[in-house]
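Here is the structure we will look at, set down as structure tokens.
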Amino acid sequence: MRPWQKEGERMTVRLRYAPSPTGHLHIGGARTALFNYLYAKHMGGEFILRIEDTDLERNVDDAADKFADNLRWLGLEWDEGPDVGGTCEPYISTERLEIYGEYVSVLRQRGLAYACYCSEEELAAERDARVAKEEMPRYSGHCRHLTEAEVMDYEAQGRKPAIRFRVPDDAVVSFRDLIRGELNFEPGSMGGDFVIVKSSGIPTYNFACVVDDHLMAITHVMRGEEHISNTPRQLFLYRAFGWEPPLFGHVSLILGPNGKKLSKRDESIVQFVEQYRNMGYLPEALFNYLALLGWSPGGERELYDKAELVREFALERVHKSGAYFDPAKLAWINAQYLKSQSVANLLLVLRPLVERFVRDLPDHIDDVWLAEWLSLYQDRISSLGELPVAGRTFLIRLPELDDEAKSMLNQETAQAVVRAFLRHVESVPSWTKETIKPLFKAVQIDTGSKGKDLFMPIRAAALGQLQGPDLHRSLLLLGKGRLRERLQNALSSS
RNA sequence: GGCCCCAUGGUCAAGCGGUUAAGACACCGCCCUUUCACGGCGGAAUCAGGGGUUCGAAUCCCCUUGGGGUCACCA
């Protein structure tokens, strides 16, 4: 029974994602958030966003807002958090300093925590000495039993103490991980008394996290595997306070191309959510892909919407082993969503993208034009960001002829086809789907060319490449005026 | 190095003592198509190794090997 739990009340699960605002939301963080969200929602519980900004030096100004923005974009909405509020406010560590202070006092009064005056240099020297002896680096407990005189002496030197938690000497810890099962830790493997308040007066992650999770009634903590070794320390704290700890689940890591944990500094891979967003990836697709990375609902399906994922999500099916992040598969999933969505919907994403990618938008571009342009390429690209590249020829005045197109147009018969086509284009009264189609038949009669010999020269002259979307529709989109200009250019330049 | 975690094709993965070891991405081939894509069909490709347990192991146990995480007044 937890203090906040009323008699007979069924406890709702509460999970949180607690990023530190030191950078951008990356794939691994997003997936952790996603799993927490999926489980919370699957259980009909609550998902909470908390900002852990206890590392003042590394905090980045608007990182927290960006995290929130990208999390929302992905489709992860939280029930409580810094901007939406909630019953456990505030949701930002640095606004909870007083709270932490109270709990630190409790520990100190009970003799479970003590001031440590060791300087950074002294600690480093101690660590080096142990490493030199091939021992595990571990705090010696130097300040465990300082006399009053020693304390006064340190204070007189102007030293600012950190507060350490007194780890029981015979400490054995084990807990049942939601994903990995029983986990045991040998005594002495935990590094000795650990710091809970830095000499700056700011608590460390391990301390703030425990106090916050308890006060916020978090029932399940799902986090990356790199936190496994923090868990014993946090468990000590729960024990010291007499609190029932939440259930812990450690999710495997997402691996980069080198087989190691994704590093924010690794530039060989696009790993920030915002980057995919900027490339025109659809949030539903990223959501879908991330959910299936390290978890599987079983069966043969690859495409699931959010509601289905929430319904299917099960901790038992979360993988223990790490998973390589595969941008190609993500691209494929995104392509599937791209094909299935309405052009009108896609336009909402596309318009800002185009405005950002294309300078000096030609004035023939309006929503109707954009819609047609997009639909021409909809099943040929895997993300909207590829459209300005793939469909570039429609944005510029004259096409950029590639080598194949050039050699095509060098052929005598090709010249004749283009010449005849130009003649018919000029004489056609209107420019519609219906009027374009017969022009090809007319050219065929005039020149005797048909099939590839007929279509390719026109494609080359009009679009600059031998491959591309449907020719009739392309010419319609191009417009009669620009097409004529291109045909003339093709004839005069060769 | 200590402690801890992990191990089915190149990648994501299904499989929970008896299967010809699913499916998807990527790759290759064929078909469709005026081109390229899309789509369809087909192909190559996996149980890290060694011991047990068992009538029978990808599935259970042990060891080895390999990979990873962590050892901060970072989270």
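Here is the naming used below: chain letters follow the sequence lines, and residue numbers restart at 1 for every chain. The figures that follow rest on heavy atoms only: side chains count, while hydrogens, waters and symmetry mates do not.
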>> If you assign A:Ser321 and A:Leu471 each to the RNA chain B nucleotide with the nearest heavy atom, which residue ends up on the more 5' nucleotide?
In response: A:Ser321
> Between A:Tyr205 and A:Gly322, which is nearer to the 5' end of RNA chain B once each is assigned its nearest nucleotide?
Replying inline: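 The answer here is A:Gly322.
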>> Assess whether a salt bridge exists between A:Arg159 and A:Glu122, defined as any Lys/Arg side-chain N lying under 4.0 Å from an Asp/Glu carboxylate O.
In response: yes
Give me the distance, rounded to whole Å, that separates [N] from [M] when you measure between the [atom1] atoms they each carry.
N	M	atom1	result
B:U46	B:A14	C1'	13 Å
B:U59	B:A7	P	12 Å
B:C60	B:A26	C1'	35 Å
B:A48	B:C55	C1'	27 Å
B:G51	B:G56	P	15 Å
B:G69	B:G50	C1'	27 Å
B:U20	B:C28	P	32 Å
B:U64	B:C25	C1'	33 Å

> What string of B, S and - do you get for nucleotides 21-33 of chain B, 5' to 3', when a contact is any protein heavy atom under 4.0 Å?
Replying inline: -BBBS--------
>> Before you tell me yes or no, could you show the steps for A:Phe194 and A:Phe236 under ring pair (Phe, Tyr, Trp, His ring centres under 6.0 Å), namely the whole-Å CA-CA distance, both residues' side-chain angles and the distance that decides it to 0.1 Å?
In response: CA-CA 11 Å; A:Phe194 58 92; A:Phe236 285 136; 7.1 Å; no
[N] OP1/OP2 closer than 4.0 Å to side-chain N/O of [X]:
X	N	result
A:Thr204	B:C73	no
A:His319	B:C5	no
A:Arg317	B:G15	yes
A:Ser20	B:C74	no

Would you list the protein and nucleotides 65-69 of chain B atom pairs, both N or O, that sit under 3.5 Å from each other?
{"unit_1": "B:G68", "atom_1": "OP1", "unit_2": "A:Lys260", "atom_2": "NZ", "d": "3.4"}
{"unit_1": "B:G69", "atom_1": "OP1", "unit_2": "A:Lys261", "atom_2": "N", "d": "3.4"}

Could you list the donor-acceptor pairs under 3.5 angstrom formed by side chains in residues 284-297 of chain A, with sequence neighbours left out?
{"unit_1": "A:Asn288", "atom_1": "OD1", "unit_2": "A:Tyr304", "atom_2": "N", "d": "2.9"}
{"unit_1": "A:Asn288", "atom_1": "OD1", "unit_2": "A:Tyr337", "atom_2": "OH", "d": "2.6"}
{"unit_1": "A:Asn288", "atom_1": "ND2", "unit_2": "A:Glu302", "atom_2": "O", "d": "3.1"}
{"unit_1": "A:Tyr289", "atom_1": "OH", "unit_2": "A:Asp326", "atom_2": "N", "d": "2.8"}
{"unit_1": "A:Tyr289", "atom_1": "OH", "unit_2": "A:Asp326", "atom_2": "O", "d": "3.4"}
{"unit_1": "A:Trp295", "atom_1": "NE1", "unit_2": "A:Ala314", "atom_2": "O", "d": "3.4"}
{"unit_1": "A:Ser296", "atom_1": "OG", "unit_2": "A:Gly298", "atom_2": "N", "d": "2.9"}

> With sequence neighbours excluded, what pairs up with A:Tyr100 under the ring-ring contact (aromatic ring centres under 6.0 Å, His included) test?
Replying inline: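 Result, ring-ring contact (aromatic ring centres under 6.0 Å, His included) vs A:Tyr100: none returned.
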>> I'd like to know whether A:Tyr205 forms a ring pair (Phe, Tyr, Trp, His ring centres under 6.0 Å) with A:His227, so could you lay out the CA-CA distance, the side-chain angles of the two residues, the decisive distance to 0.1 Å, and finally the verdict.
In response: CA-CA 11 Å; A:Tyr205 158 76; A:His227 284 291; 5.3 Å; yes
> Is there a Watson-Crick or G-U wobble partner for B:A24 with both distances under 3.5 Å, and if so, which one is it?
Replying inline: B:U11
> Heavy-atom contacts under 4.0 Å between residues 190-200 of chain A and RNA chain B, which residues?
Replying inline: A:Val195, A:Lys198, A:Ser199
What does the list of N/O pairs under 3.5 Å between the protein and nucleotides 45-49 of chain B look like, with a distance for each?
none

